[in-house]
Amino acid sequence: MLKQKATRFVSIKTKINVLFLLVILVPILTMFINSYISSQQLLERRYTDLMQDISRQANIRIEEFLKDVKEISLVSSYGINSYVSAVSQENYPVQNYLRDSSKANENQVAQLLMNYIIMKDRAFSIYIYNLNGGEDIYIRSYKPIDYTYYPVNEEWFQEFLHSEAITMDLSTRLDKQTQQEGNWAIFNIRKIFDMEDGKLMGVMVISLDIDFIDRLNSRLQKEIRSSFTIVDDQDRIIFNSNHDLIGQPFSASFPLDSSMSTNTERQIVTLDGRDYILIQTPFEQHEWKSYLYMPVDELAVEGNILKRNLIYIVVILVIFALISSFYLSNLITRPIKRLMKNMTLVEQGKFDNLPDVGSNDEIGLLSVRFEQMSSELKQLVERIYQEQEEKTEAEIRALQAQINPHFLYNTLNSVKWIASMQRSDKIVEMTEALISILRYASKNDDGKVSIREELEYVGHYITIQKVRYYNKIVVVYELDESLLDYPIPKLSIQPLVENAIFHGIAELEDEGTITISVQTTGESDIAIVVTDNGKGMEQEAAEELKQQLLGLKGEESIGLSNVHNRIRRVFGVGSGVSFQSIGGRGSSFVITIPKRKEADLNDEGDDRGR
């Protein structure tokens, strides 16, 4: 008896449901993932732009404030501004005080400077150091003065005196002129010259309390104010709401990417296992930079809302897909089940008056044909039983003898034995080549193999193609054995050979030849050349392929462009795929790589990672 292979029964309804769900779910999940990722990127970009604007506006406010302070020092020192010339002024309180430190002059100076301090919300103090032999004067906002401190011998003071600068801003330092500890301030210092003879009379120091920056940024959220940081050209922090960080290198707090330029830019940094968006914005008039950072996971608040909405949509679509699939499967399988029930009735001997299937499609037509067949079968059976009962029984016994299971089994075994005796070497050869190809493709490695291994893989591929093209392909190898152990990206040569077969010699009526050579080119490069004597390419097609390899046109030749891009990613500029082709005379494709061992490539990869 012929044994039928046992297979698990899977109903058409189940297949339809599974297929329908896959057709619906795969696009839905793809859309969900793509929408979520795109929205997250858009959200991150929006917050990045917002932080850049905040940082840029904060820098502008700070520099405008420093500019106002610089103008205050100019106006108070010489009694001039942009509208009133020095000639028209009759009273110069600071000039008069530096010449004569009388009480009357001191009161005039104190009144003038205090007005400026109050005008700027007491954000700074003003110290005038008399170099003309008179008394110094200190106009403070609210902090007590340390009259024992005299900065003339300080390094910054001496450097300013001996410089050609008239005025300058000094980055954050402790204001030692006050008795308060931890009084960080930014200094604006100006030389005061006698308006009559040009002699240096004194130095004005405007000490801006560093907290003025917090007041300028008072409208910002607390979290943004706490992260706003200013550093000088030496990467030292000159402002942060946490004064303990002032004076420390910013890179000690945040590991910056060395490739970050001086322009406004963003990057993702990791600190204590947490990712931050870091915004860098340079000042326009100072050699300072401001940094603003925000944890990436804070974006998850809006991201979770988006994710939840997308999940709702996906759930609704999945429910719709389930309902639709069950309805559709029932619509298709219901008449099939009725037809199967009719078949069962026919098996039981009921040939007429079968229930109506109730379908107006192909299944309905099949049901009509089945009913006709059952009716004819009934007539045939009746005729056989009525006219030739004994003859029919004999014929049935003969038929049973002919289809005896043992007879069929022995016959099939004989066919099997004859097939085993026919040694099909080509089938064996192709099977072994296919196994080698699959083993090579699934081998777990880092994406790089030796040229020797790649050529072995190409040999297996050519074995299969020779059988396909009836041995009309001839392959010639010209190999320098000393070069075969150098590494190359996996699956780099086979696409060139495939291109030579399918687009070169496949349409030839005669035998085609592919030459594969591995030779040294230049001083330190390896050239892997795949040449065919096929039909070649027309000039227009060749120019189009060159544009694709240069990245100037969309990639239609996916295999060649993929090989070219992978080689350039591994070995850098100067490596890759090039070709020459003449219509009717064949093509020659060249892979150029440098002579570098595996260890050298790994070292370069580590350097790029650092």
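The figures that follow rest on heavy atoms only: side chains count, while hydrogens, waters and symmetry mates do not.
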Q: Does atom CD of Gln158 have more than 12 heavy-atom neighbours, drawn from other residues, nucleotides or ligands, at distances under 6.0 Å?
A: yes
Q: Keeping Lys191 on the side-chain end and Leu161 on the backbone end, is there a donor-acceptor pair under 3.5 Å?
A: yes
Q: For the OG atom of Ser163 and the CE atom of Met168, what is their distance to the nearest 0.5 Å?
A: 4.5 Å
Q: Using only atom types and a distance under 3.5 Å, with no angle test, would you say the side chain of Ser575 pairs donor to acceptor with the backbone of Gly572?
A: yes
Q: Using a 3.5 Å distance criterion without hydrogens, assess whether the side chain of Arg140 forms a donor-acceptor pair with backbone atoms of Thr178.
A: no
Q: Just how far is it from atom CD1 of Ile126 to atom CE of Met114, taken to the nearest 0.5 Å?
A: 8.5 Å
Q: Provide the closest heavy-atom pair for Ile137 versus Ala110 in the form atom of the first, atom of the second, distance.
A: CD1-N, 4.4 Å
Q: Under 4.5 Å between any side-chain heavy atoms of Leu208 and Lys120, yes or no?
A: no
Q: In the structure I gave you, are the side-chain heavy atoms of Met201 and Val94 within less than 4.5 Å of one another anywhere?
A: no
Q: Can you check whether Leu216 reaches Glu64 side chain to side chain, under 4.5 Å on heavy atoms?
A: no
Q: Strictly distance-based, threshold 3.5 Å: is any side-chain N or O of Glu63 a donor or acceptor partner for the main-chain N or O of His286?
A: yes
Q: Atom CD1 of Ile567 and atom CG of Asn562: how far apart are they, to the nearest 0.5 Å?
A: 9.5 Å
Q: How close do Ile139 and Leu113 get, counting heavy atoms only, and between which atoms?
A: CG1-CD1, 3.7 Å
Q: Looking at side-chain heavy atoms only, is the closest gap between Phe571 and Thr592 below 4.5 Å?
A: no
Q: Please name the pair of heavy atoms, one in Ser77 and one in Met204, separated by the smallest distance, quoted to 0.1 Å.
A: OG-CE, 3.5 Å
Q: Less than 4.5 Å apart, any side-chain heavy atom of Arg566 and any of Val570?
A: no
Q: Any side-chain to backbone donor/acceptor pair from Lys595 onto Ile526? Under 3.5 Å, distance only.
A: no
Q: Determine whether Met119 and Ile72 satisfy the following criterion, side chain to side chain contact (heavy atoms under 4.5 Å, CB included), listing intermediate values before the conclusion.
A: CA-CA 11 Å; Met119 182 176 65; Ile72 288 173; 4.1 Å; yes
Q: Apply side chain to side chain contact (heavy atoms under 4.5 Å, CB included) to the pair Asn59 and Gln285, showing each step before the final yes or no.
A: CA-CA 10 Å; Asn59 290 0; Gln285 301 175 11; over 6 Å; no
Q: Any donor-acceptor pair under 3.5 Å linking the side chain of His564 with the backbone of Gly576?
A: no
Q: Counting C-beta onward and ignoring hydrogens, is there a side-chain heavy-atom pair between Phe239 and Trp184 closer than 4.5 Å?
A: no
Q: Quick test of your reading of the model: are Asp485 and Arg452 salt-bridged, counting only N-O distances below 4.0 Å?
A: yes
Q: Report yes or no: does Asp232 contribute a side-chain atom to a donor-acceptor pair with the main-chain N or O of Asp235 at less than 3.5 Å?
A: yes
Q: Is there a ring-ring contact (aromatic ring centres under 6.0 Å, His included) between Tyr116 and Phe124? Walk through the geometry before answering.
A: CA-CA 9 Å; Tyr116 286 128; Phe124 56 82; 8.4 Å; no
Q: For the residue pair Ile591 and Ser492, what are the closest heavy atoms and their distance?
A: CD1-O, 3.5 Å
Q: Show, in sequence, the C-alpha distance, side-chain angles and deciding distance for Tyr486 and Arg596, and conclude whether the side chain to side chain contact (heavy atoms under 4.5 Å, CB included) test is met.
A: CA-CA 7 Å; Tyr486 282 95; Arg596 298 181 190 170; 5.7 Å; no
Q: Inspect the surroundings of CD in Gln179 and state if more than 12 heavy atoms from other residues, nucleotides or ligands are less than 6.0 Å away.
A: yes
Q: Rounded at 0.5 Å granularity, tell me how far NZ in Lys289 sits from OG in Ser55.
A: 12.0 Å
Q: With under 30° as parallel and over 60° as perpendicular, where do the rings of Trp288 and Phe283 fit, or are they tilted in between?
A: perpendicular
Q: Ile210 and side-chain contact (heavy atoms from CB on, under 4.5 Å): which single residue from Asp175, Asn240, Thr172, Ile230 fits?
A: Thr172
Q: Among side-chain atoms of Asn130 and Asp136, is any donor-acceptor pair under 3.5 angstrom?
A: no
Q: Hey, what do you get for OH (Tyr127) to CZ (Phe187), rounding to the nearest 0.5 Å?
A: 6.5 Å
Q: Can you list everything that forms a ring pair (Phe, Tyr, Trp, His ring centres under 6.0 Å) with Tyr312? Sequence neighbours excluded, please.
A: none
Q: Using only atom types and a distance under 3.5 Å, with no angle test, would you say the side chain of Ser101 pairs donor to acceptor with the backbone of Glu135?
A: yes
Q: Closer than 3.5 angstrom, by distance alone: can the side chain of Gln95 be matched with the main-chain N or O of Met195 as a donor-acceptor pair?
A: yes
Q: Side chain to side chain contact (heavy atoms under 4.5 Å, CB included) between Ile186 and Phe212: does it pass, once the steps are laid out?
A: CA-CA 10 Å; Ile186 295 177; Phe212 85 93; 4.2 Å; yes
Q: For Lys70, look at atom NZ and say whether over 12 heavy atoms of other residues, nucleotides or ligands are found less than 6.0 Å away.
A: yes
Q: Where do Glu454 and Ile493 come nearest, in terms of heavy atoms and distance?
A: OE2-N, 3.1 Å
Q: Got Tyr149 and Glu154 here, is their nearest side-chain heavy-atom distance under 4.5 Å?
A: yes
Q: Taking the side chain as C-beta and beyond, is there a heavy-atom pair between Tyr129 and Gln177 under 4.5 Å?
A: yes
Q: Any chance you could measure Tyr92, atom OH, to Leu112, atom CG, to the nearest 0.5 Å?
A: 13.5 Å
Q: Please report the shortest heavy-atom distance between Phe589 and Leu496, naming the atom on each side.
A: CB-CD2, 3.6 Å
Q: Is the Phe250 ring parallel, tilted or perpendicular to the Tyr291 ring (thresholds 30°, 60°)?
A: parallel
Q: Under the 3.5 angstrom rule, does the side chain of Gln248 hit a backbone N or O of Leu245 as a donor-acceptor pair?
A: no
